[in-house]
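These notes are about the structure you will find just below.
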Amino acid sequence: MRFLFSKRAIETLEAAITFPIAILVMLATVNLGMVVYGQQAVQAAARHGARMGSVAQQCGACYAASAASSAIDSDPIVKEPSVAILSPGGVAGSILSVRVSGTIPSFLGNLVPGLPGSFPVSAEATFRQEGW
């Protein structure tokens, strides 16, 4: 009983309660940053692929898929990346659309029940096919 009235014991108890909460908040912040970074990475890859495909003289969809794949494959955060050509372009003035998607792993998925193990991210970019 004397332990409960000791100032040092109360400080230790407060630290024991606060420390896990602080760790969870820190992990949630890092995880949120990873999701935002992953969303920006897939957006940049989709934009890069659509731009490369729009300036290609032949088979713009081929160049778009290749450029988007190489851009997102070099990113270590995005897992299971996939590239889809939504509209292939072709002739000058037509639309070329690219979708890049993937998943971001969750730190808290294993620690907190009910949270997903990964977060899906996806982005699309559209450019007009250029020609000269």
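Just so you know, residue 1 is the first one in the sequence shown, and it goes up from there. Computed over heavy atoms, backbone and side chain alike; hydrogens, waters and symmetry mates excluded. Quick caveat: nothing in here was measured; it's all calculated off a predicted structure.
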Notebook entry, point to check: Would you find more than 12 non-hydrogen atoms of other residues, nucleotides or ligands less than 6.0 Å from Glu11 atom CD?
Noted result: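 Correct, the count exceeds 12.
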Indicate yes or no for a side-chain donor-acceptor contact from [X] to the backbone of [Y] under 3.5 Å, with no hydrogens or angles considered.
{"X": "Ser54", "Y": "Phe127", "value": "no"}
{"X": "Ser87", "Y": "Ser97", "value": "yes"}
{"X": "Thr103", "Y": "Lys79", "value": "yes"}
{"X": "Thr18", "Y": "Ala15", "value": "no"}

I need the minimum non-hydrogen distance between [X] and [Y], along with the two atoms involved.
{"X": "Gly49", "Y": "Ala67", "value": "CA-CB, 4.0 Å"}
{"X": "Val121", "Y": "Gly38", "value": "CG2-O, 4.2 Å"}
{"X": "Ala65", "Y": "Ile85", "value": "N-CD1, 3.9 Å"}

Note to self: Under the side chain to side chain contact (heavy atoms under 4.5 Å, CB included) test against Ile104, which residue among Val36, Val42, Val35 passes?
What the structure shows: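 Only match with Ile104 under side chain to side chain contact (heavy atoms under 4.5 Å, CB included): Val35.
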Item checked: Hphob cluster co-occupancy, Leu96 + Val83, side-chain heavy atoms under 4.5 angstrom ->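 No; tracing contacts between hydrophobic side chains, which count when under 4.5 Å, never links both residues.
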Check: Are Val25 and Phe19 co-members of a hydrophobic cluster defined by side-chain heavy atoms under 4.5 Å apart?
Finding: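 In one cluster: no.
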Checklist line | Heavy-atom side-chain contact between Val55 and Tyr63 under 4.5 Å | finding: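 No - every pair of side-chain heavy atoms lies 4.5 Å or more apart.
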Checklist line | Val100 side chain reached by Pro81 side chain, heavy atoms, under 4.5 Å | finding: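 In short, these two side chains do not touch, never coming nearer than 4.5 Å.
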How long is the straight-line distance from [atom2] of [Y] back to [atom1] of [X], given to the nearest 0.5 Å?
{"X": "Arg51", "Y": "His48", "atom1": "CZ", "atom2": "NE2", "result": "11.0 Å"}
{"X": "Leu27", "Y": "Leu32", "atom1": "CG", "atom2": "CG", "result": "12.5 Å"}
{"X": "Ile95", "Y": "Leu86", "atom1": "CD1", "atom2": "CG", "result": "12.0 Å"}
{"X": "Tyr37", "Y": "Asp75", "atom1": "OH", "atom2": "CG", "result": "4.0 Å"}

Margin query: With side chain to side chain donor-acceptor pair (under 3.5 Å) as the test, pick out the partner of Glu124 among Arg99, Gln43, Arg47.
Written below: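 Exactly one candidate clears the test, Arg99.
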